[in-house]
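To start, the structure under review is shown below, and the notes come after it.
Numbering of ligands and ligand atoms starts at 1, following listing order. Both backbone and side-chain heavy atoms feed into the values below; hydrogens, waters and symmetry mates do not.
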Amino acid sequence: MWLRQAAAEARLRHTCEQSDRLPGYGWLLHDGLHFGVQEIRDHGLTLRTDFVKRPGGEHGGDWSWRVTAWPESVGDQTSLISLLFYVATDGQGTLQPHLENTRLVSVTGTSEELGHFNISFHKPTTESGEALGYASYNHLDAKSPGLHRLTDVVKSSLSNRFVYAAPGGPSRRYFAVDTYRALPGEPDQAPQSHLLLHQVTLALPCRVEVTFESGSFADRPGSLVGAVLSEELARHMAAFERRFEETFSLARKGFSPQQQSFAKAALSNMLGGMGYFHGHSIVQSAHSQHPLPYPEGPLFTAVPSRSFFPRGFLWDEGFHQLLLARWDPALSREVIAHWLDLMNVEGWIPREQILDDEARAKVPPEFILQHNEAANPPTLFLVLQQLLREPGQGPTELSYLRRLFPRLRTWYEWYNTTQVGPLPYTFRWRGRDQDTDLFLNPKTLTSGLDDYPRASHPSPAERHLDLRCWMALASGVMAQLAERLGEPAAEYRHMQQALSDNALLEEQHWAKQLSMFADYGNHSQAVGLERQKVAVGPGQPHHQLPAPHLVRVVRKPPKLQFVGALGYVSLFPFLLQLLRPDSPRLGSILGDMRSEEKLWSPYGLRSLARTSPLYMKHNTEHDPPYWRGPIWINMNYLAVRALHHYASLEGPYQQQTAVLYQELRANLIANLYRQYVASGYLWEQYSDTTGQGRGCYPFTGWSALVVLMMAEEY
Ligand code: 6A9
C-alpha cells in the first residue's frame with residue numbers, strides 16, 4: 001500500500017481500483033516465473049516495483065521486492081510518501097514481529113505452503129542505493145476477518161498525530177497506522193487473518209527493498225539485496241528481451257522500440273495478472289431448491305482485468321492461453337489442467353470463477369450464483385488445437401494429453417447433450433433471459449456475447465450459429481486428440497464432418513433473404529423500448545407513484561425465422577474457418593466485413609453492423625450497448641487469423657483476403673497502440689466511431705492478443 005502525505009485526508013492506495021483514476025499502471029516486463037518490473041503512475045509521483053525470485057529449498061525459494069518512488073516534477077523536495085509493507089496470514093500459519101524501537105525490522109513465520117520463512121524490511125536508500133538520512137517508522141499488529149478486509153483494517157487505524165521532522169527541514173504532521181481498532185460490524189466472525197504492517201515515511205525520491213528468505217533454502221549464495229538484486233534483475237531483463245524477440249520477432253518485423261515496449265507490456269500484464277485462487281463457487285443446480293457450495297478447489301488462471309474482473313472466466317481463458325502458450329507452453333498446460341479439474345460429474349465447468357471472500361467482495365450479489373445448465377464457449381479447444389500443432393511433442397506432452405482426455409471427453413459430451421438444438425446438428429445456448437417485457441432483446445450471457453441480438457422471443461426452436469461452429473471446432477480437436485492417443489475417434493470425426501459440411505450449414509443457417517449466416521428462432525424485428533404510462537388512481541398523490549420505466553413493446557408478432565443481426569455471430573463460419581475457400585458465402589462475408597456501412601471501421605471490425613436494427617441500442621434504460629457495435633479484440637483476432645488462413649489457400653477469394661488481412665491487422669495494431677500511448681492502458685473494447693478505449697481498464701485479457709497480431713502468430 002502507499003499513501004501520499006499531501007492532502008488533508010489520507011488517500012490510501014492498495015488494490016487495483018478503477019475509481020482511483022491513476023494515469024497509468026501495469027507490468028512493463030514480467031516473465032511469469034522469475035521476475036517482473038511494474039510502473040505505477042499516480043498523481044504527483046511514480047512508483048516502480050521490481051521483483052526477482054530465486055528458486056531453492058523445498059518451498060519455492062526466495063524472492064525480493066524493490067520499490068522506487070520519484071516525484072512527478074524534478075526538484076520537488078517537499079513530497080512525502082509512505083510505503084506500507086504488510087504480511088498477513090490467510091486462515092492458517094503464524095507470524096512473529098521483530099521490532100527495533102518503532103521500526104518493524106522483520107517478520108518470521110511459518111505456513112503450510114511456505115514452511116519457515118523470514119521477511120526483512122531493509123532500510124530505505126536513495127534511488128542509487130546510498131543510505132538515506134531520515135525516515136519515520138510506524139507499525140501495526142492487527143487482526144482482520146480475512147484478506148478482503150485488510151484495506152478497511154488499515155484505513156480505520158490511520159491517524160495524523162505523527163510528526164515528520166527531518167533535520168534542517170520543517171516539522172510536518174503525517175498519517176500513519178496507529179492503535180489497532182477492531183472493525184465494527186463483524187463481531188462474531190472469528191478473525192481469519194493476522195496482519196503485520198511496516199510503514200516507512202520519507203521524502204522522494206527513495207527506494208526500499210524487502211526480502212523473503214525461505215527456511216529450507218540451505219545454501220543461499222547471499223541475500224538478494226542491493227547490488228546483487230540489481231545484477232539478478234538485469235540478467236533476467238536481458239533474458240526476457242532475447243526470448244521475446246525469439247518468440248515474436250517484432251524487431252525483425254520492423255516495429256519501433258516503442259511499439260515493442262507496448263507489446264512487452266501487453267504480454268507482461270497478462271502474465272503478471274495471473275492468480276492462484278482457492279475456494280468454492282456458489283451454484284444453483286436445476287436439481288435443488290437452494291444454492292449450494294461447489295466443492296472447494298484451486299484455480300491457476302489469467303484474469304481479464306486486474307481492476308474490474310480479477311478472477312477466472314472460462315471462455316476468456318482460451319483466448320489468454322493462445323498468447324501464453326506461445327510464451328510458455330508448460331504454463332498453459334498447467335492452467336488448462338486446473339480448469340478441467342473444476343468440472344463436476346455432469347461435465348459442467350462454471351463459467352465465472354468467484355472462489356473466495358476476496359473474489360466475492362468484487363462482485364455484485366446478483367452475479368455470484370452460477371447455474372449448472374449454463375455453458376460458455378469451449379475456447380480451451382482453440383488452445384489445444386494450437387498445442388497439438390507445436391513441433392516437438394514428446395512423451396511429456398503425450399502423457400499430459402492422455403490424462404486430459406477423459407475430462408475432455410466428458411466436457412464435450414456435456415455440450416453435446418445439454419446444449420443440443422431442435423434438429424440434428426443444431427445447437428442452442430440454454431439459460432437466456434426469460435423476461436421478454438423487460439429487455440429490448442433478452443440476453444445470452446452464456447454465449448459470451450451477452451447482449452448480441454438473438455431471437456426476440458427465447459424458445460426451444462432456436463438454433464444458435466456460434467455454438468454450432470464452436471462444436472465443429474471441438475469435434476475436430478477431439479477427433480485429432482483421439483487419433484493421436486489411439487482412442488476411438490470415429491464419432492468425433494463424424495460430428496466434425498457433419499458440422500463443417502457447407503451444404504448442411506447453409507440449409508440450417510444461411511438466411512437467403514438477408515444474404516448472411518444467422519441464428520434461427522421465434523423472432524420479431526419490430527420491437528422497441530417505450531416509457532410505460534402510469535395510470536393515476538383516484539386520490540393517489542403524484543410523488544408516491546413509481547417512476548415510469550421503459551418496457552418492451554412488440555409491434556409485430558414474432559414468427560419462426562432467421563434473425564437479422566449482422567455482426568460477429570454471422571461471421572462465425574468464417575471466423576472458425578469452416579467455409580470452403582471456394583464458397584460463394586465467403587465472398588459475401590468479405591463484402592459485409594469491408595463495408596463501412598456495415599462492419600468495417602478504421603479501428604477494427606464492429607460487433608454489430610451499423611445497418612443492424614439494434615446497433616448501439618440500450619437493452620434497458622440502465623443497460624448500455626455492449627456487444628452491439630463496439631470493437632472487441634478477441635473476435636478481431638479470430639478474424640485476422642481467418643483472413644490469414646484463407647489468404648494461404650488457393651481459391652477465388654485468395655487475393656481479396658490477403659488485402660483485407662493487411663488492412664485489418666494494420667488498423668487494429670495502430671489503434672490499440674495509439675490508445676495505449678494516449679490513455680496509458682489497454683481496454684475492454686474500443687469505440688467504432690473514435691477508436692477510443694471503452695468499458696473497463698486496464699483490460700489485458702484478450703485485448704493483449706494484439707501481440708499475436710503483431711507477431712503474425714495464428
Ligand atoms: C460483473 C461487475 C466491479 C463480459 O471478460 C469477462 C466477461 C466476458 O467473458 C464476457 O464475454 N466480461 C463479456 O461479455 C465481463 C463480465 C463481468 C461480469 C460481472 C460484475 C463488477 O463490478
Side-chain angles (χ1 to χ4, degrees), residues 15-21 148 151 269-270 273-275 277 281-282 299 301-323 339 349-355 357-371 374-380 382 429 431-433 439 441-454 464 466-467 470 567-569 572 575 606-608 619 622-638 681-686 693-705:
T15 49
C16 305
E17 298 298 339
Q18 217 166 279
S19 54
D20 285 344
R21 299 187 164 276
H148 62 295
T151 317
N269 272 297
M270 191 184 277
M274 290 186 73
F277 301 85
S281 298
I282 301 176
L299 177 63
T301 185
V303 304
S305 162
R306 283 167 72 193
S307 59
F308 230 67
F309 314 126
R311 51 187 175 275
F313 287 82
L314 181 54
W315 91 302
D316 295 63
E317 195 57 20
F319 289 106
H320 300 157
Q321 297 310 320
L322 285 179
L323 175 57
W339 274 97
I349 303 177
R351 170 164 63 98
E352 184 174 346
Q353 296 287 334
I354 313 166
L355 293 185
D357 288 339
E358 210 181 347
R360 275 190 275 276
K362 280 268 190 182
V363 188
E366 68 269 28
F367 290 107
I368 288 182
L369 266 194
Q370 301 293 304
H371 297 265
N376 205 206
T379 54
L380 296 181
L382 283 173
W429 298 109
R432 289 191 62 191
D433 279 336
F439 311 104
N441 187 280
K443 290 207 240 187
T444 316
L445 294 175
T446 51
S447 72
L449 308 173
D450 297 17
D451 63 341
Y452 187 97
R454 307 281 182 165
H464 293 129
D466 49 339
L467 182 50
W470 287 120
Y568 291 161
V569 166
F572 258 81
L575 294 177
R606 48 175 76 91
S607 37
L608 196 61
N619 206 35
H622 306 290
D623 193 3
Y626 201 36
W627 293 84
R628 293 185 183 174
I631 296 159
W632 292 78
I633 304 308
N634 58 337
M635 290 294 128
N636 273 279
Y637 173 72
L638 290 182
Y681 295 103
L682 270 98
W683 292 73
E684 186 183 18
Q685 352 146 340
Y686 292 86
R694 290 273 181 271
C696 81
Y697 64 87
F699 186 101
T700 42
W702 58 45
S703 295
L705 290 176

Subject >> Spatial distance of atom CZ (Phe308) from atom OG (Ser19) [nearest 0.5 Å] >> reply: 8.5 Å
Would you tabulate the polar-atom pairs, meaning N/O of ligand 1 against N/O of the protein, with distances under 3.5 Å, reported to 0.1 Å?
unit_1, atom_1, unit_2, atom_2, d
ligand 1, 5 (O), Asp316, OD2, 2.7
ligand 1, 9 (O), Trp315, NE1, 3.0
ligand 1, 9 (O), Asp316, OD1, 2.6
ligand 1, 11 (O), Trp315, NE1, 2.9
ligand 1, 11 (O), Gly448, O, 2.6
ligand 1, 14 (O), Gly448, O, 3.3
ligand 1, 14 (O), Asp450, OD1, 3.0
ligand 1, 14 (O), Asp450, OD2, 3.0
ligand 1, 14 (O), Trp627, NE1, 2.9

Subject >> Partners passing side-chain contact (heavy atoms from CB on, under 4.5 Å) against Pro364 (at least two apart in sequence or in another chain) >> reply: Glu366, Phe367
Subject >> Pair Arg311 + Glu358: basic N to acidic O under 4.0 Å >> reply: no
Subject >> Partners meeting salt bridge (charged side-chain N to carboxylate O under 4.0 Å, His left out) with Arg628 (sequence neighbours left out) >> reply: Asp451
**OP:** Kindly write out the residues that satisfy salt bridge (charged side-chain N to carboxylate O under 4.0 Å, His left out) with Asp623, not counting sequence neighbours, or none if the list is empty.
**Re:** Lys443
Subject >> Aromatic ring proximity, centroids under 6.0 angstrom, Trp702 and Trp315 >> reply: yes
